[in-house]
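Notes follow once the structure below has been shown.
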Amino acid sequence: MLGALTAAAPLSLDTYLPALPTLTADLATTPSIAQLSLTSCLLGLALGQLVAGPLSDVLGRRRPMLLGATGFAVASALCAVAPNVGVLVALRLAQGLLGAVGIVVARAVVRDTSDATTAARSFATLMLVSGVAPILAPVLGGQLLRVTSWRGVFVALAVYGTLAGLAVLLFVRESLPATRRRSGSAAATLASFRVLLGDRRVVACVLAAGLLFAAMFAYISGSTFVLQDLYGLSPQGFSGVFGANSVAIVASVQVAGRLAGSGRVRPERLLAIGLVTAMAGTGVLLTSALLDVGLAGILAGLVVTVIGVGLVLPSATTLTLADHPEHAGSASALLGTAQFLVGAGVAPLVGLAGSRSAVPMASAMAASVVLGAVVFTVLWRTAARPDRTAAPGHA
């Protein structure tokens, strides 16, 4: 059920992508303006988590999940009847804000109901859904366009949100008792963020995850040009490469979850292994781009990099939420917001840096990964060790 809520965000981002050309024509706008509907949704997904996370620490988890799913359905239905692109952009912002609730609260529920060992396995499962949904969403959107228009795609998202809301209503129980909830004042919310930002271990994990996510955004934004225009892959060939890398990251996420879940490897060690792996992958990628060794070097660098990212993300999530169970919603919000904001900030740099080689994409990915590794290492080593016996429930 939590996976279904988590999938709402990537579905809202990617399902309508095949319909952008027809949407542009139907609303009599330009491709760049139509693309703002994607940007506004991404911004909503980032900012919505900052609101939904602390709110769930105050109200509990079930009510925000129910409101988020229902609101997502309503916003999706309104997108289907948008009369012009300006209204659509505004509604996509609302869709992102409401879709963010499922992401952030799902992680908090896992933290409420799990210790560190079982949480790692559960986070890996949620990330499996997050990894598969972006792969399937454009395919699903393309199939829907065989029988309907872009407006029908948003109707399908509205149906999805409605079913998710019903599932929450019928099957999801509250995981945060009233006795464990925080005060609802703005001061309490700010205090929660101050506690988290004052913990260098939390900041280390949040920044590492955000910068590794930025490397993935650089890959997503630059790979179409690099693989098709520079190296001559057909759209089908590009889809095959993209799918293979998606399988690689999903597999590495599951390996990380199983290893941490078994207790054989600590999450911080897995995170370090993932950072080293990602650095090795981006090193191969950048070297291949600079020396122009051909497609094989680019593909090898990409697959090693995404495997490293798959090891980092569930480990960073586990560690971010481990030591502050009373602030799980706020911690989840920080993690998600950092990923979307840093990622969205890096992605445009790939295009601005030039479009005649693979070097801009490779450089952006390598810089993000190396910076993530440096930041994590410095902050983690200088952080005070938490007193894990100070309070029951700390994992």
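Residue numbers count from 1 along this sequence.
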Less than 6.0 angstrom from the centroid, inside 45 degrees of the normal: does Arg200 satisfy that with respect to the ring of Trp380? no

Is the closest side-chain heavy-atom distance between Asn84 and Val87 below 4.5 Å? yes

Might you point out which heavy atoms bring Val226 and Ala358 nearest each other, and give the distance in Å? CG1-CB, 3.8 Å

Derivation of the side chain to side chain contact (heavy atoms under 4.5 Å, CB included) call for Leu97 and Leu93: CA-CA 6 Å; Leu97 288 168; Leu93 176 64; 4.2 Å; yes

Check step by step if side chain to side chain contact (heavy atoms under 4.5 Å, CB included) holds for Leu145 and Val153. CA-CA 7 Å; Leu145 289 176; Val153 173; 4.1 Å; yes

Can you list everything that forms a salt bridge (Lys or Arg N to Asp or Glu O under 4.0 Å) with Arg92? Sequence neighbours excluded, please. none

Side-chain donor-acceptor contact under 3.5 Å, Thr337 with Gln49: no

Do you know which two heavy atoms are closest between Cys79 and Leu91, and how far apart they sit? SG-CB, 3.6 Å

Pair up each side-chain donor or acceptor in residues 99-106 with any protein partner under 3.5 Å, not counting sequence neighbours, and list the distances.
none

Can you name the closest pair of heavy atoms from Ala248 and Val306 and give their distance? CB-CG2, 4.0 Å

Minimum heavy-atom separation for Gly96 to Leu45, with atom names? O-CD2, 3.4 Å

Go through the steps to decide whether Glu174 and Arg61 satisfy the test side chain to side chain contact (heavy atoms under 4.5 Å, CB included), and finish with yes or no. CA-CA 6 Å; Glu174 180 57 61; Arg61 314 303 186 198; 3.6 Å; yes

Could you walk me through whether Tyr219 and Asn245 pass the side chain to side chain contact (heavy atoms under 4.5 Å, CB included) check? CA-CA 11 Å; Tyr219 157 60; Asn245 282 331; 3.0 Å; yes

Do any N or O atoms from the side chain of Thr30 and from the backbone of Ile33 form a donor-acceptor pair under 3.5 angstrom? yes

